[in-house]
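Proteins get letters first, then strands, A, B, ... in listed order; numbering begins at 1 in each.
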Amino acid sequence: MTINRETAQLLKKVAAVFRVKEGDSFRVKAYNNAASAIDNLSEPIDELWRQGKLDTIPGVGKSLLGYLEEYFTKGKVRHFESQFKKVPAGMFALMNIRGVGPMTAYKIAHRFHLKDESTALADLQVLIRKGKLTNLESFKQKSIARLTKALKIKSTGKGRLLLSDALAIAEAFISYLRLSPFTMDAEPLGSLRRRLSTVGDIDLAVKTKKPEETMAHVLAYPQISAVITSGDKTSHVKLKNGFEVDIKLSEPEDWGSLLQHFTGSKMHNIHLRTLAKEKGYSLSEYGIKAKGKVHHFQTETDFYHFLGLPLIPTEIREDTGEIELALKKQDFNLVELKDIKGDLHLHSNFDFPSSHDLGGSSLHEILDRAYELGYEYIGLSDHNPKFVGLTEKAKEKILIARRKYLEQDFRAYENRVKNRGIKLLIGLEVDIRPSGELALSEDLLNTLDYAIVSIHASFDQTKEANTRRIIQALSHPKALILGHPTGRQINEREPLQADWSEIFNFCAQNHKLLEINASPDRLDLPDDLIRQAIAQGVRLVIDTDSHEVSQMDFLKLGVWQARKGYATKNDIANTHSLQKFLAVLK
DNA sequence: GCCGTTTTCGGCCCGACTGTTTTCAGTCG
């Protein structure tokens, strides 16, 4: 969401100017708070602006509201521009280096007249190479060495990782950590543990009674390419694959406090501490200070209970209302992986002229994996075939032949394995054309148990056109599921524009299901739209869209995504038995 | 500059790590 990133950056720059040019640290904090809130928005801020909802952003009050209005109307903010004139613009580029904040950046940019933001980093490289970065107050040899190292690391750095990739890196590291006899437990922290769709840095916690020995083991991990910082309790390292990892050590008695603290989010913790402070408590990763006594917590459950709250699931700790709900003693009851009884978006290697990519696994392989995953049913949803130049009759023949083949193949499987009792639904994933028509006629759709209807092209239609298109597509009786609804591909393609409120109303009234697509690069619906859909009474279905049996394991990503959208078991249709699920079809 | 079901004024989360300093400032999460 580049617009959010850009807007947040703008406010951070203004905060930086205030930081170096005036003494009001609380105004600096206010700008930075608003910036991180904007950075964490799940919808584009310019969309909020068009809807007149800028003031719903936490940390945006009367003044910032005015400035943001000006920014979106005119592209510039006069007040901000006049602030920027007070500092050399090169400092903003320097602030992108780890360990360099506003003060250091200003110090360097001012001393060496780095006025061009676009060349400041290169200029700094030259200054270092020529040994001219001297005569700076409180910035001697070690600081220069640190800066040089940070610049080097930055040049080989990577952007944000997909959740699934971050998870793989974290799990490999954790397996290594468990090799040490001093490792009592190890867990991911931060955005990884909150199951955000993308992860910047990977944070890990290690439980140990021997911190010194354990930290030595941590730093001996063969995948480490550079140790960025290292202390008794924390180390920050860079891996050979370019990604950075933070490792925190904890004594068993503080394990719960540590997990809670570093899982965050930052806004969630600040909100919690503000509440705690009213009771005279002070919260930290070492526990809760109350009346001069420090209370320790081995589990997060105990930590939250001490504050009079139920355990808040990690996925929703974003300060978007979860603390208010917890204060009302609301039980969250979020859906769990073990609740899932079937996967209805699976591509097999059934060979007919497909309009998109064919799957790589056979029906039997898919059924085997479904059995291992404990499913009661699966749905095959290969892409609709192309049918170029065929008559309607010929097309129908092909679809009926597929159905017969699959039914026969399924019976062969049942005879072979005995008593597994998995049920099979025969469906297709059908393209929604730009007009809103489906790629298959009414008669052809009727040869199926169900259809997933999805947009695969022409994403950039107007909001009105896309809305109409989706509703028209869902109007067919066999169109049961809207596949990957927004079409987003994380880091690749923005979600399409549509009036989701109108679409959700249609789905609620006509018993249509919205998919939560668990593909690591989709995770679509996004969590805020899941929440909105549930509020409007829509039911959802969590699917993997697998093209290969190993991808069926991605279902957990979809469950996490659903949890981020506050979905309970009841909100998810494929937590029900097939009989109950099929009742939806009627 | 933001925020409030005790407040529209008077507060504003907390600690690790680093480097340059002799007690602290800057940065990060």
Notebook entry, point to check: Which is true for A:Leu283 with a 4.0 Å heavy-atom rule: it touches a base, it touches only sugar-phosphate, or it touches nothing?
Noted result: sugar-phosphate

Notebook entry, point to check: Are A:Arg531 and A:Asp527 ion-paired here, with the side-chain N under 4.0 Å from a carboxylate O?
Noted result: no

Next item on the list: With A:Leu204 as reference, evaluate A:Leu177, A:Leu249, A:Val218 under the side chain to side chain contact (heavy atoms under 4.5 Å, CB included) test and give the passing residue.
Entry: A:Leu177

Item checked: Mutual orientation of the aromatic rings belonging to A:His79 and A:Tyr67 [parallel < 30°, tilted 30-60°, perpendicular > 60°] -> parallel

Check: If you measure from the P atom in B:dT22 to the same atom in B:dC17, how many Å do you get, rounded?
Finding: 22 Å

Next item on the list: Could you check whether A:Phe26 and the base of B:dC2 form a stacked pair, meaning centres closer than 5.5 Å and planes differing by less than 30°?
Entry: no

Next item on the list: Tell me which residues in residues 94-126 of chain A put a heavy atom below 4.0 Å from DNA chain B, sorted by number, or none.
Entry: A:Ile97, A:Arg98, A:Gly99, A:Val100, A:Gly101, A:Pro102, A:Met103, A:Thr104

Next item on the list: Ignoring backbone atoms, test whether A:Ser230 places a side-chain nitrogen or oxygen under 4.0 Å from the OP1 or OP2 oxygen of B:dC17.
Entry: no

Next item on the list: To the nearest Å, give me how far apart CD (A:Glu251) and P (B:dA16) are.
Entry: 13 Å

Next item on the list: Give a yes or no on whether a salt bridge exists between A:Lys564 and A:Asp528, defined as a side-chain N under 4.0 angstrom from a carboxylate O.
Entry: no

Check: On a whole-Å scale, what distance lies between the C1' atoms belonging to B:dT5 and B:dG1?
Finding: 24 Å

Check: If you check the A:Tyr31 side chain, which of B:dT21, B:dG15, B:dG1 turns out closest?
Finding: B:dG1

Next item on the list: For B:dG26 and B:dT20, measure between their C1' atoms and round to the nearest Å.
Entry: 11 Å

Note to self: If you only use heavy atoms from C-beta on, which nucleotide in B:dC2, B:dC14, B:dG29 is closest to the side chain of A:Ser284?
What the structure shows: B:dC14

Note to self: Output the rounded distance in Å from CG (A:Asp203) to C1' (B:dA16).
What the structure shows: 14 Å

Check: When the P atoms of B:dG10 and B:dG15 are considered, how many whole Å apart are they?
Finding: 27 Å

Notebook entry, point to check: Roughly, in whole Å, what's the span from OH in A:Tyr281 to C1' in B:dC14?
Noted result: 18 Å

Next item on the list: Remember a base hit wins even if backbone is also touched, and classify A:Glu137 as base, sugar-phosphate or nothing at under 4.0 Å, heavy atoms.
Entry: nothing

Next item on the list: Rounded to whole angstrom, note down the C1' distance from B:dG29 over to B:dT23.
Entry: 24 Å

Margin query: Using atom C1' in both nucleotides, what's the gap between B:dT8 and B:dC14 to the nearest angstrom?
Written below: 28 Å

Margin query: Categorize A:Tyr286 for me: base, sugar-phosphate, or nothing, with a 4.0 angstrom heavy-atom threshold over every strand shown.
Written below: sugar-phosphate

Notebook entry, point to check: Below 4.0 angstrom from OP1 or OP2 of B:dC14, is there any side-chain N or O of A:Lys277?
Noted result: yes

Note to self: So that I can tick it off, tell me whether A:Asp254 and A:Lys248 are bridged by a salt bridge, with the cut-off set at under 4.0 angstrom between side-chain N and carboxylate O.
What the structure shows: no

Notebook entry, point to check: Whole-Å distance between B:dC12 C1' and A:Asn269 CG?
Noted result: 16 Å

Notebook entry, point to check: Between A:Gln141 and A:Lys62, which has a closest nucleotide on DNA chain B that is more 5'?
Noted result: A:Lys62

Next item on the list: Would you mind classifying the nucleic acid contact of A:Lys29 as base, sugar-phosphate or nothing, using non-hydrogen atoms under 4.0 angstrom?
Entry: sugar-phosphate

Note to self: Does B:dT27 have OP1 or OP2 under 4.0 Å away from a side-chain N or O of A:Arg146?
What the structure shows: no

Note to self: Using 0.5 Å steps for rounding, measure from the CD1 atom of A:Ile542 to the NZ atom of A:Lys556.
What the structure shows: 14.0 Å

Check: Between B:dG15, B:dG19, B:dG26, which one does the side chain of A:Ser143 approach most closely?
Finding: B:dG19

Item checked: From B:dG1, B:dT20, B:dG29, nucleotide with atom closest to A:Lys140 side chain -> B:dT20

Margin query: Starting the side chain at C-beta, find the nucleotide from B:dG26, B:dC2, B:dA16 nearest to A:Leu64.
Written below: B:dC2

Next item on the list: Measure the CG-NE2 distance between A:Leu307 and A:His295 for me, rounded to the nearest 0.5 Å.
Entry: 10.5 Å

Check: For B:dT7, does the O4'-C1'-N9-C4 (purine) or O4'-C1'-N1-C2 (pyrimidine) torsion place it in syn, i.e. within 90° of 0, or in anti?
Finding: syn

Next item on the list: Nearest whole angstrom, please: distance from the P of B:dG29 to the CG of A:Leu249.
Entry: 18 Å

Next item on the list: Could you check whether A:Ser25 gets within reach of a base, just the sugar-phosphate, or nothing at all, counting any heavy atom under 4.0 Å?
Entry: nothing

Check: Out of A:Glu315, A:Glu318, A:Glu336, which residue meets the salt bridge (charged side-chain N to carboxylate O under 4.0 Å, His left out) rule with A:Arg563?
Finding: A:Glu315

Checklist line | N-O pairing of A:Lys13 and A:Glu117 below 4.0 Å | finding: yes

Note to self: On the nucleotide B:dG15, are OP1 or OP2 found under 4.0 Å from the side-chain N or O atoms that A:Lys289 carries?
What the structure shows: yes

Notebook entry, point to check: For A:Glu324 and B:dC3, what is the distance between atoms CD and C1' respectively, to the nearest whole Å?
Noted result: 13 Å

Notebook entry, point to check: If you measure from the P atom in B:dG11 to the same atom in B:dA16, how many Å do you get, rounded?
Noted result: 26 Å

Next item on the list: Report the distance from atom CE of A:Met91 to atom C1' of B:dT27, rounded to the nearest whole Å.
Entry: 14 Å

Check: Separation of A:Lys279 atom NZ from B:dT6 atom C1', in whole Å?
Finding: 15 Å

Note to self: For a quick check under 3.5 Å, do A:Asn570 and A:Thr568 share a side-chain donor-acceptor pair by atom type?
What the structure shows: no

Check: Counting only Watson-Crick or G-U wobble pairs whose two distances fall under 3.5 Å, which nucleotide matches B:dC28?
Finding: B:dG15

Margin query: Under 4.0 Å, counting only non-hydrogen atoms across every strand here, what does A:Asp232 touch: a base, just sugar-phosphate, or nothing?
Written below: sugar-phosphate

Item checked: Candidates B:dG1, B:dC17, B:dG15 - which lies nearest the side chain of A:Lys233 -> B:dC17

